[in-house]
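Following: one structure in structure tokens, then a few remarks.
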Amino acid sequence: MKSKKSVIDIQKMKADRDKITVLTSYDYPFTRIMDQCGIDMILVGDSAGVVVAGHETTLPVTLDEMLYHTRAVVRARPKALVVADMPFLSYQVDLREARLNAGRLVKEGGAEAVKLEGGAHLVDTIRAIVAMDIPVMAHIGLTPQSIHRMGGYRVQGKEEAQANQLLRDALAVEEAGAFAVVLEGIPQQLAQRITGELAIPTIGIGAGPHCDGQVLVIHDILGLCEKYAPKFVKKYADVTSVVTDAVTRYIAEVKGGEFPTQGHSFN
Ligand code: KIV
């Protein structure tokens, strides 16, 4: 039987050249399914605000909402490592709040690690959380909580100066104690360079094939997000069609008196 994954196991996978598989999950049923499939890490992403709650960006997501999703994921008792996203405004204001909110995700949510967006400018925050023995995964490149600074969801690090800054960011978060780093929306050559220079695993999303692992949003791979389909997403199923078919047949059968049958009824 598969054993429970820790941050140590995830870091060893880089040394073993064993690709790290990561998906987002926000609830109990999807967590159960993906864990049975053998996923290595589950990210309770603040993307929940977009794909579950219907917001335009991740900015409105609150810590209480992240706690709700994290608890639902943890109730499935996954063998995968559970990492919870720190939402916007839960770690940027000061170190005390950052420590308290990371602690709440672990204590009240049951997360085994937290993720926050940012590079060199966040090293004090990463150090402060790591000093509480809470593993931190950093996230650099296209960081969705910075959408207003970036002027949209744009690939980052195309120019040399920006690419060099991203390399410095990656080295800085490693030095501050992050156990892994998400590289989002950067050129594949840059992701390859960062992956080669770091001892900690890189987890790519829209960062090409050379990262130590890959993460995608579960709703994207299942074809549940009609609105927005970035180039880096691969759709592995068309669940929208499956749900449309089931709901359409249910409506037709109830209206036509075909459901419920005697077999679905009590005497
Ligand atoms: O919120 C999220 O789902 C994420 C991943 C896409 C990396 O941050």
Side-chain angles (χ1 to χ4, degrees), residues 10 20-27 30-31 34 39-63 65-70 72-73 80-92 101-102 105 109 111 113-119 122 126 135-147 150 153-157 166 169-170 173 178-186 191 194-195 200-208 211-222 224-225 227-236:
I10 297 295
I20 302 160
T21 58
V22 189
L23 280 171
T24 66
S25 187
Y26 319 101
D27 62 25
F30 275 125
T31 303
M34 64 179 78
I39 199 81
D40 295 312
M41 196 194 302
I42 291 170
L43 172 65
V44 189
D46 61 354
S47 49
V50 177
V51 299
V52 178
H55 293 297
E56 287 294 323
T57 73
T58 57
L59 296 175
V61 176
T62 66
L63 191 79
E65 287 165 348
M66 290 309 300
L67 283 168
Y68 170 84
H69 288 296
T70 306
V73 165
L81 180 77
V82 177
V83 181
D85 242 340
M86 298 196 70
F88 180 64
L89 221 54
S90 71
Y91 59 96
Q92 293 93 341
N101 290 331
L105 286 166
V114 298
K115 174 169 85 59
L116 45 79
E117 296 182 10
L122 271 184
I126 295 173
V136 173
M137 181 156 76
H139 181 165
I140 63 171
L142 192 173
T143 44
Q145 291 176 18
S146 317
I147 182 168
M150 296 182 304
Y153 297 112
R154 295 168 196 278
V155 175
Q156 303 292 300
L166 284 172
D169 283 335
V173 298
F179 79 93
V181 57
V182 171
L183 305 179
E184 178 164 356
I186 65 172
I194 293 174
T195 301
I200 58 171
T202 59
I203 310 294
I205 173 165
C211 298
D212 299 305
Q214 295 290 330
V215 58
L216 282 176
V217 168
I218 184 70
H219 287 57
D220 287 340
I221 73 163
L222 296 181
L224 276 166
C225 280
K227 257 200 331 205
Y228 175 64
K231 178 181 174 182
F232 59 77
V233 167
K234 180 165 176 186
K235 195 164 133 180
Y236 286 85

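Nothing here was measured: the structure is a model prediction, and the numbers come from that model. What's counted below: heavy atoms across the whole structure, side chains too, no hydrogens, waters or symmetry copies. When a ligand or atom number is given, it counts from 1 through the structure's own listing order.
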Fill in: Test side chain to side chain contact (heavy atoms under 4.5 Å, CB included) applied to Y153 - qualifying residues, sequence neighbours left out
T57, L142, P144, I147, Y228
Could you list the donor-acceptor pairs under 3.5 angstrom formed between side-chain atoms of residues 41-56 and any protein atom two or more places apart in sequence or on another chain?
from, atom 1, to, atom 2, distance (Å)
D46, OD2, Q145, NE2, 2.7
S47, OG, Y26, OH, 2.7

Fill in: Qualifying residues under side-chain hydrogen bond (donor to acceptor under 3.5 Å, both in side chains), relative to Q156, sequence neighbours excluded
Q162
Worksheet item: In Å, rounded to the nearest 0.5 Å, how long is the span from CD1 of I10 to CG of L81?
Response: 5.5 Å
Practice prompt. For ligand 1, list the protein residues that place a heavy atom within a distance below 4.0 Å of one of its atoms, sorted by chain and number.
Written response: T24, L43, G45, D46, S47, D85, K115, H139, I205, V217
Discussion item. If you define the side chain from C-beta out and look only at heavy atoms, does anything of L222 sit under 4.5 Å from F30?
Written reply: yes
Worksheet entry | Contact check, side chains of S25 and M34, non-hydrogen atoms, under 4.5 Å | yes
